[in-house]
Novice: 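Before I ask anything, let me first share the structure, which is written out below as structure tokens.
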Amino acid sequence: MPIWSPSPLAYRRWRRFKAHRRGHLSLWIFAILFGLSLGAELLANDKPLLVYYQNTLYIPLLHSYPETTFGGDFVTETDYKDPYILEKLQRNPNWVLFPPIPYSFNSIDSQLNHPAPAPPDPAHWLGTDDRARDILARVIYGFRLSVLFALTLTLIGTLTGIVAGAIQGYFGGRTDLLLQRFIEIWGSMPELYLLIIFASLFDPSILLLIVLLSLFGWMGLADYVRAEFLRARALSYVKAARAMGASDQTIMFRHLLPNALTPVITFLPFRISGTILALTSLDFLGLGVPPSTPSLGELLQQGKANMEAWWISLAAFTVLVTLLLLLNFIGEALRDAMDPRKEL
């Protein structure tokens with residue numbers, strides 16, 4: 001007998017979600033792309049996946065080996081693109097296995113046939129940027145960074161918004177009034193100006209961006225949760241639970257919250273896409289992640305600065321539009337699945 005089985009309501013919603021073919025297919029495509037990006041080091045790296053040298057197997061992705069390990073002259077870390085070292089590694093019976101894209105996001109190709117930015121060719125499928133770095137590798141790493149950043153920020157904002165909205169809606173009265181006035185004042189603060197100020201005071205980092213954006217990203221969701229709690233707190237089952245001695249925390253998070261999650265779940269893909277757009281915009285303006293970090297916004301900025309290198313803008317634009325379309329289609333399917341008026 002299974003330990004857990006979905007409720008009839010959850011099963012009906014899942015069936016409605018699957019019936020939305022575009023959203024269901026988008027979820028699978030997004031999951032596959034995100035799963036592949038999580039293994040970016042296995043897809044795009046300037047270090048080999050495996051090296052077999054003199055009857056010994058080496059894993060450069062996990063360990064750093066000095067050049068002397070493979071017959072070189074120096075004790076510094078091995079440059080696996082060095083023709084002298086590469087010739088030793090490929091001499092029978094030795095062999096070396098590189099990833100499908102033998103460049104990392106920060107690898108600089110010093111042997112380009114054209115000045116950087118170089119157009120697409122068999123060595124660089126999407127060309128290189130103005131620093132001779134492989135665009136496809138930077139797109140893969142930038143895709144992973146954007147999605148992980150958006151998921152982290154969405155999780156923080158969702159939890160904060162649920163707690164704030166639940167407290168407002170359940171207790172109401174003066175508590176609701178004070179928190180609502182605080183949200184109005186806090187929401188009127190110029191977020192972009194604050195980002196500019198903090199960017200000038202501190203070194204840019206992903207952690208700083210998460211902290212700053214999470215301070216403002218919870219307020220919209222709190223309004224929806226507040227409205228759901230205000231509507232449901234006067235229902236009979238809540239009064240019955242309170243009469244039976246249930247604590248406020250139990251009523252809020254065991255009885256009211258499951259019924260208030262519909263707008264939360266419905267808006268999750270749209271919140272993720274909005275966060276990705278925010279990160280891309282900040283990187284485009286130079287207020288986002290550090291310059292060496294792979295980013296879709298940084299690629300768009302390079303495309304703007306190098307209008308003749310059309311492949312830079314095209315790659316970043318295509319990935320960004322595809323990602324946002326997938327998330328919006330998933331959001332539409334979730335909206336239809338969570339709508340009680342729609343049945344199969």
Novice: Treating Ile, Leu, Val, Met, Phe, Trp and Tyr as nodes and any side-chain heavy-atom pair under 4.5 angstrom as an edge, say whether Ile206 and Leu148 lie in one connected cluster.
Specialist: yes

Novice: If every non-hydrogen atom of Ser313 is compared with every non-hydrogen atom of Lys304, which pair is closest and at what distance?
Specialist: OG-N, 4.2 Å

Novice: Classify the side-chain pair Ser247/Thr250 by whether it contains a donor and acceptor separated by less than 3.5 Å.
Specialist: yes

Novice: Under 4.0 Å between a side-chain nitrogen and a carboxylate oxygen: does that hold for Glu67 and Lys88?
Specialist: no

Novice: Could you measure the distance from the CG atom of Leu326 to the CD1 atom of Ile29? Nearest 0.5 Å is fine.
Specialist: 5.5 Å

Novice: Looking at Leu324, is its backbone amide N or carbonyl O close enough to the side chain of Ser273 to form a donor-acceptor pair, meaning the two atoms are under 3.5 Å apart?
Specialist: no

Novice: Can you find a pair of side-chain heavy atoms, one from Pro117 and one from Asp130, that are under 4.5 Å apart?
Specialist: yes

Novice: Do you reckon Val163 sits in the same ILVMFWY cluster as Leu178, going by side-chain contacts under 4.5 Å, direct or chained?
Specialist: no

Novice: With clusters defined by side-chain heavy atoms of hydrophobic residues (ILVMFWY) lying less than 4.5 Å apart, directly or transitively, does Phe284 cluster with Phe149?
Specialist: yes

Novice: Apply side-chain contact (heavy atoms from CB on, under 4.5 Å) to residues Thr69 and Thr78 and explain how you reach the verdict.
Specialist: CA-CA 8 Å; Thr69 305; Thr78 304; 5.6 Å; no

Novice: Starting from the C-alpha separation in whole Å, work towards a yes-or-no answer on side-chain contact (heavy atoms from CB on, under 4.5 Å) for Val147 and Phe30.
Specialist: CA-CA 10 Å; Val147 176; Phe30 174 78; 3.9 Å; yes

Novice: Which of these passes side-chain contact (heavy atoms from CB on, under 4.5 Å) with Leu320: Leu300, Leu325, Leu299?
Specialist: Leu300

Novice: Within the structure provided, determine whether Thr275 and Thr152 are in side-chain contact (heavy-atom separation under 4.5 Å).
Specialist: no

Novice: Starting from Ile85 and following side-chain heavy-atom contacts under 4.5 Å between hydrophobic residues (I, L, V, M, F, W, Y), which residues can be reached?
Specialist: Val51, Tyr53, Tyr58, Tyr65, Phe70, Tyr80, Tyr84, Leu86, Leu89, Val96, Phe98

Novice: Is any NZ, NE, NH1 or NH2 atom of the basic residue among Asp46 and Lys81 found under 4.0 Å from an Asp or Glu carboxylate oxygen of the other?
Specialist: no

Novice: Hey, does the side chain of Asn94 reach the backbone of Gln54 with a donor-acceptor pair shorter than 3.5 angstrom?
Specialist: yes

Novice: Main chain of Ile251, side chain of Arg242: is a donor-acceptor contact present, judged purely on distance under 3.5 Å?
Specialist: no

Novice: Report the distance from atom CG of Leu49 to atom CG of Leu97, rounding to the nearest 0.5 Å.
Specialist: 5.0 Å

Novice: Using modelled atom types only, decide if a donor and an acceptor are shared between the side chain of Arg226 and the backbone of Gly169 within a distance under 3.5 Å.
Specialist: no

Novice: Got a second to check how far Glu41's CD is from Phe105's CZ, nearest 0.5 Å?
Specialist: 8.5 Å

Novice: Within the 4.5 Å heavy-atom criterion, are Thr293 and Leu145 side-chain neighbours or not?
Specialist: yes

Novice: Can you name the one residue among Leu153, Thr154, Leu327, Leu151 that meets side-chain contact (heavy atoms from CB on, under 4.5 Å) with Ile276?
Specialist: Leu327

Novice: Roughly how far, to the nearest 0.5 Å, is the CD atom of Gln180 from the CE atom of Met219?
Specialist: 11.0 Å

Novice: If every non-hydrogen atom of Ser104 is compared with every non-hydrogen atom of Ala137, which pair is closest and at what distance?
Specialist: O-CB, 3.7 Å

Novice: Just do the side-chain contact (heavy atoms from CB on, under 4.5 Å) check on Leu36 and Leu43 with the steps written out, would you?
Specialist: CA-CA 8 Å; Leu36 291 175; Leu43 296 176; 4.2 Å; yes

Novice: Under a 4.5 Å side-chain heavy-atom rule over Ile, Leu, Val, Met, Phe, Trp and Tyr, are Met252 and Val264 clustered together?
Specialist: yes

Novice: Tell me whether Ser188 contacts the main-chain N or O of Ile185 through its side chain, where contact means a donor paired with an acceptor under 3.5 Å.
Specialist: yes

Novice: Would you mind listing every ring pair (Phe, Tyr, Trp, His ring centres under 6.0 Å) that reaches into residues 216-249, with sequence neighbours excluded?
Specialist: Trp186-Phe216, Tyr224-Phe267

Novice: Do Trp125 and Ile101 make a side-chain contact, defined as non-hydrogen atoms from C-beta onward lying under 4.5 Å apart?
Specialist: yes

Novice: Exactly one of Arg133, Arg131, His124 should register a side chain to side chain donor-acceptor pair (under 3.5 Å) with Asp109. Which one does?
Specialist: His124

Novice: Would a distance-only check, ignoring hydrogens and angles, find a side-chain to backbone donor-acceptor pair under 3.5 Å from Thr158 to Leu155?
Specialist: no

Novice: Please report the shortest heavy-atom distance between Gly303 and Ile312, naming the atom on each side.
Specialist: N-CG2, 3.7 Å

Novice: Please report the shortest heavy-atom distance between Ala315 and Leu126, naming the atom on each side.
Specialist: CB-CD1, 4.2 Å

Novice: Does any N or O in the side chain of Thr68 come within less than 3.5 Å of the main-chain N or O of Asp73, such that one atom is a donor and the other an acceptor?
Specialist: no

Novice: Any non-hydrogen side-chain atom of Leu213 less than 4.5 Å from a side-chain atom of Leu282?
Specialist: yes

Novice: Closest approach of Pro102 and Pro100, non-hydrogen atoms and distance?
Specialist: CD-O, 3.6 Å

Novice: Between the side chain of Arg335 and the main-chain N/O of Thr266, is any donor-acceptor distance below 3.5 Å?
Specialist: no

Novice: So does Arg174 have more than 12 non-hydrogen atoms from other groups sitting under 6.0 Å from CZ?
Specialist: no

Novice: Please check if the number of heavy atoms outside Gln111 that lie under 6.0 Å from its CD is greater than 12.
Specialist: no

Novice: Compare every heavy atom of Pro93 with every heavy atom of Tyr52, then report the nearest pair and how far apart it is.
Specialist: CD2-O, 3.7 Å

Novice: Begin from the C-alpha positions of Phe17 and Trp14 and carry the test ring-ring contact (aromatic ring centres under 6.0 Å, His included) through to its verdict.
Specialist: CA-CA 5 Å; Phe17 181 84; Trp14 172 244; 5.6 Å; yes

Novice: Does Trp310 reach the main-chain N or O of Met307 with its side chain, forming a donor-acceptor pair under 3.5 Å?
Specialist: no

Novice: How about CZ on Phe253, more than 12 heavy atoms from neighbouring residues, nucleotides or ligands closer than 6.0 Å, or not?
Specialist: yes

Novice: Side chains of Glu308 and Pro119, heavy atoms from C-beta outward: is any pair under 4.5 Å?
Specialist: no

Novice: Hey, are the side chains of Thr160 and Ser214 touching, using non-hydrogen atoms and a 4.5 Å cut-off?
Specialist: no

Novice: Taking the side chain as everything from C-beta on, heavy atoms only, tell me whether Ser107 gets closer than 4.5 Å to Asp134.
Specialist: no

Novice: Drop me the distance from Glu228's CD to Thr262's OG1, to the nearest 0.5 angstrom.
Specialist: 7.0 Å

Novice: Quick check for you: to the nearest 0.5 Å, what is the distance between Leu323 atom CG and Asn328 atom CG?
Specialist: 9.5 Å

Novice: Could you check whether Gln302 and Glu298, counting side-chain N and O atoms only, form a donor-acceptor pair closer than 3.5 Å?
Specialist: yes

Novice: If Ile, Leu, Val, Met, Phe, Trp and Tyr residues are connected whenever their side-chain heavy atoms lie under 4.5 Å apart, and connections chain through other members, are Val211 and Tyr193 in the same group?
Specialist: no

